[in-house]
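One structure below.
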Amino acid sequence: MKKIDLTQDLNPQQAEAVLHQKGPLLIIAGAGSGKTRVITHRVAHLILELGVPSYNILAVTFTNKAAGEMKQRVEKILQQANFDLGLPLVATFHSFCVRILRADIDKLAIERSFTIYDDKDSLSLIKKIVKKMGLEEDINIKQVASYIDKAKNNLWTSADLRANSSYHLADKITQIYAEYQRELKAADGLDFGDLISRTVELFQKFPDVLDKYQERFKYIMVDEYQDTNEAQYVLTNLLAQKYRNLVVVGDDDQAIYSWRGANIQNILSFEDDFPEAKVVKLEQNYRSTQNILDAAWQVICKNSGRKEKKLWTEQGRGDLISLVECFSEVDEGERIIGQIEDLILERRARYRDFALLYRTNAQSRVLEEAFLRHGIPYQIIGGVKFYARKEVKDIIAYLRLLLNENDVVSLLRVINVPPRKIGEKTIETVQNFANTQGLSFWQALLRTEEIDSLGPQTKVAISRFVEVVLSLRKEASKLAVSSLVRQVIERSGYKKMLMAEATEENKDRMGNLEELLSVAKKYDQMDRPDGLLLFLEEVALVSDLDNMEEGKNGVILMTLHNAKGLEFPYVFVTGMEEELFPHFNSLDDAAALEEERRLCYVGMTRAKKKLFLTLARSRLIYGTTKNNEPSRFLLDISPDLLQGAFVGSLDAVSNYSTDDEYSQEPEYMDINAGDLVSHPTFGRGKVVSVQGGVATVSFDNDKYGVKRLALSVAPLEKEKDF
DNA sequence: TATATAGTGTTTTTT
DNA sequence: ACACTATATA
């Protein structure tokens, strides 16, 4: 083994955290303060200097991306030291729990090959139950889903949920929750919340199992601790209570997941939970310029109950923050692209150095269209997720059914996909038969011959479907995963259905299934059918963020939530308007507004070199045009940090506009795509497109190229002769 | 009884 | 882009 200095280049606070040996430690890590570095170096320090076996160390994160990065960096340090005695376990909360449950969940009378239900699966199960209970009229399914989710995050039983609800349908919701849990268990299915809460249940009911893991994971680290919910908090504390070597890292200013049950109190009261805890604050920032940090601080300091901290950097003030005020959402896209192209010319930045962040996924559409118009490469993260697409989910449902015949959600999803004349009535009849005979739905399907009320054609249709599943199930233990997936696509009739009509849409869907096949290939070398189980696990737990192509040279578009933990040289926080950001649904709730503020802080602190804040004075939302005020967050930033503040001019036009001009309906010139125009500065040009009061004009003089001009202010004239 | 088709509404954020 | 609904047709 080679000796390496793990505290080299660390500041005193970082070094203190890295050298921490035993007992609880709270690391308050401001944005860009070298947090990952501290965690990885501390892991290496435990292993290399203190001789702790890797096997005894656990690091928990929230995203696969963070876990992967951490794993890689630890591996690199250990390699440098020529250490080759294994790596510590780095996992997300969810994958960690799956691991434990696969080993011991049979103790809770659930199959170890359980199926993981995503939120869509659980929604369809809730729907089925609501229907069964005849409550469709009075119950909002999504609302019930969120109540159930909340209950699980808080480790509530249905009785607890009842006690904690004042809603007038609380009794009904409580019943649905109880029934949902019963059905989930019968299906050997676990939803996301269950992954955590069942693990807690296992630990609480079987102290020997808990003890096994306490002995194994003597050193525990939890990243993004401010985002833990009650269930994750209890889980962490159970695991850590024996040896108390718990290091939690987080930043209360970056808590943005309360809507998913995260409880900011977990980090704020760590010192009460562990009075012997040491606390380290990391306030030196290595990412951004001082201007960016100051502006971000001016936004976040308005929140109450923060752990006071103020980030600083040695990197100097840097550029001012650009405030880009646009006429419309279309204009916003165009102006952002103008800025990107300017910077690429001036500073030789690449497309991948830019990120566009937005509050809601819906905003991505218009921005995407702008990138398409200009032929600029881009990557959208999130939105409609790959694994959530219909055709992908359908094939996955077949695969799940092969491993778990009790999985009713998957069964009901595919029983008539492609259409095989097994409709609603038939399903109802079979379900009734199953209920009276005390059978599962699948078992009932196997005995349809005994159901007198079904017609002969229907019985044939069912037995054909059953045959397909049974024969594929036999293959599952023989074939490599990708071959099996191919078999499913073909023998289910899915391929035939898509090939029947060669529309663009169907070609796309086939393409998506090919992509699914290529993911499946990764599991071909594994034992069967374990490979299939692991493939389905990846599909259930992976997020779109994990599929971000690191090497691709394209501008990145994502929600502010997705951007946490990432950094980019140039960041645009878009849609800085009241009712959009802060979002409409947060306006009457002080706590929600504080979270919006934190979200803004997270977005701003992603920027390394330059930050752009953009807003549209008019925006089309669900078919109606809204003229929202500039976001209150913009008003919190002092003007001397800003450039281009509220001048309301487009880059090609030097006219100043007052707020008054905006309140009037702008008078657009009669200019359309294809028209020839002239401009006093840029000369002659041709109009490429007109949208949202903005004309895109391609000027004859190559020096000016393509410009975007607001029709209400640009001194454009229509050319009459050619 | 099952299916095809057209029309409508949805969306705040997601492991 | 998807889910859901209403309606016509086999």
Side-chain angles (χ1 to χ4, degrees), chain A residues 60-67 91-98 116-120 123-124 127 136 141-142 145-146 149 152-153 191-196 223-224 227-229 231-232 255-262 357-365 368 381-393 416-429 453-455 457-458 461 497 500-501 505 508-509 512 540-546 558-565 575 579-587 589 592 595-596 598-600 602-603 621-623:
Chain A
V60 188
T61 65
F62 274 86
T63 66
N64 296 297
K65 190 177 161 61
T92 63
F93 266 107
H94 292 88
S95 66
F96 173 71
C97 288
V98 169
I116 302 169
Y117 281 174
D118 66 20
D119 50 357
K120 266 195 169 160
L123 204 66
S124 68
K127 202 171 182 176
E136 294 137 291
I141 293 162
K142 282 190 179 149
S146 93
D149 187 51
K152 291 193 178 187
N153 288 334
D191 62 20
F192 282 136
D194 279 344
L195 292 178
I196 315 291
D223 193 15
E224 306 280 17
D227 288 334
T228 50
N229 61 33
Q232 288 158 338
I256 55 175
Y257 284 105
S258 75
W259 51 275
R260 219 167 60 192
L357 310 181
Y358 35 81
R359 179 65 180 84
T360 69
N361 276 307
Q363 289 165 255
S364 69
R365 265 277 280 287
E368 178 176 21
I381 311 295
V384 188
K385 289 181 266 304
F386 176 70
Y387 292 116
R389 301 200 181 170
K390 189 182 179 312
E391 63 279 13
V392 176
K393 281 223 77 172
N416 202 30
V417 179
R420 21 173 105 81
K421 301 195 184 291
I422 305 173
E424 208 180 328
K425 282 282 162 197
T426 307
I427 288 166
E428 206 176 293
T429 310
S453 53
L454 287 179
Q457 281 177 334
T458 309
M497 177 178 71
E501 244 190 313
E505 195 193 354
D508 271 6
R509 292 184 188 279
N512 287 334
L541 295 180
V542 91
S543 75
D544 261 27
L545 189 61
D546 304 320
M558 63 170 81
T559 61
L560 287 151
H561 282 87
N562 262 330
K564 192 163 71 146
E579 302 199 7
L580 186 60
F581 190 30
H583 193 270
F584 177 74
N585 292 354
S586 310
L587 294 181
D589 179 342
E595 183 144 317
E596 296 285 309
R598 291 192 291 268
L599 195 53
C600 185
V602 167
I621 295 177
Y622 311 131

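Letters A, B, ... mirror the listed sequences (proteins, then strands); counts begin at 1.
Rounded to an integer number of Å, the gap from A:N585 CG to B:dT13 P is 10 Å. Following rounding to the nearest Å, A:F192 (CZ) and B:dT14 (P) show an atom-to-atom distance of 13 Å. Protein atom CG of A:N64 is 8 Å distant from nucleotide atom C1' of B:dT15, rounded to whole Å. Between A:K564 atom NZ and B:dT15 atom P there is a gap of 12 Å when expressed in whole angstrom units. Spacing between atom CG of A:L560 and atom C1' of B:dT14 amounts to 14 Å, rounded to whole angstrom units. Between the CG atom of A:L580 and the P atom of B:dT11 there is a distance of 16 Å, given to the nearest Å. For A:F386 and C:dA1, the CZ to P distance is 15 Å, given to the nearest whole Å. Taking atom OH of A:Y257 as the reference point, atom P of B:dT13 lies 11 Å away to the nearest angstrom.
Counting any heavy atom pair closer than 4.0 Å across all strands shown, A:N361 reaches sugar-phosphate atoms only and no base atom. Across all strands shown, A:R420 has heavy atoms under 4.0 Å from sugar-phosphate atoms exclusively, and none from any base. Note on A:E595: nothing from the nucleic acid sits closer than 4.0 angstrom, heavy atoms only. Here A:K142 lies in heavy-atom contact (under 4.0 Å) with sugar-phosphate atoms only. Nucleic acid contact class of A:N562 (heavy atoms, under 4.0 Å, all strands): sugar-phosphate only. Among the atoms of the strands shown, none is found under 4.0 Å from any heavy atom of A:T458. Backbone-only contact: A:N416 has heavy atoms under 4.0 Å from sugar-phosphate atoms and none from a base.
Listed by chain and residue number, nothing satisfies the ring pair (Phe, Tyr, Trp, His ring centres under 6.0 Å) test with A:Y387 (two or more places apart in sequence, or in another chain).
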Item to complete: Test side chain to side chain contact (heavy atoms under 4.5 Å, CB included) on A:L599 and A:F581 and set out the steps.
Response: CA-CA 9 Å; A:L599 195 53; A:F581 190 30; 4.2 Å; yes
Practice prompt. Could you give me the CA-CA distance, side-chain angles and deciding distance for A:D223 and A:F62, then say whether side chain to side chain contact (heavy atoms under 4.5 Å, CB included) is met?
Written response: CA-CA 7 Å; A:D223 193 15; A:F62 274 86; over 6 Å; no
Worksheet item: Under the side chain to side chain contact (heavy atoms under 4.5 Å, CB included) criterion, do A:L541 and A:L195 qualify, and how do the steps go?
Response: CA-CA 11 Å; A:L541 295 180; A:L195 292 178; 4.1 Å; yes
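You'll find that the side chain of A:R359 is closest to B:dT13, out of B:dA2, B:dT13, B:dT15. Nearest to the side chain of A:A362, among B:dA2, B:dT14, B:dT11, sits B:dT11. Side-chain atoms of A:E505 lie closest to C:dC2 of the nucleotides C:dC2, B:dA4, B:dT14. Here the side chain of A:T63 is nearest to one of C:dC2, B:dT15, B:dT13, namely B:dT15.
Contact annotation: side chain of A:H583 to base of B:dT12, donor-acceptor pair absent below 3.5 Å.
Taking 4.5 Å as the limit, every side-chain heavy atom of A:E595 sits out of range of all side-chain heavy atoms of A:P582.
Within 6.0 Å of the NZ atom in A:K421, the count of heavy atoms belonging to other residues, nucleotides or ligands does not exceed 12.
Looking at A:R359, its side chain never comes within 3.5 Å of a backbone N or O of A:L580 through a donor-acceptor pair.
One finds a side-chain N or O of A:T559 lying less than 4.0 angstrom from the OP1 or OP2 phosphate oxygen of B:dT14. The phosphate of B:dT10 has neither OP1 nor OP2 within less than 4.0 Å of any side-chain N or O from A:R365.
Taken to the nearest 0.5 Å, the CG atom of A:D227 stands 8.5 Å off from the CD atom of A:Q232.
At a threshold of 4.0 Å, the pair A:R365-A:E368 does not count as salt-bridged, since none of the basic side-chain nitrogens sits closer than that to a carboxylate oxygen.
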Which atoms of nucleotides 8-10 of chain C (N or O only) lie under 3.5 Å from a protein N or O atom, and what are those distances?
none

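Each of A:E596 and A:F62 was assigned the nucleotide of DNA chain B with the nearest heavy atom; the assignment lying further toward the 5' end belongs to A:E596. Nearest-nucleotide positions on DNA chain B place A:I427 closer to the 5' end than the other of A:L541 and A:I427.
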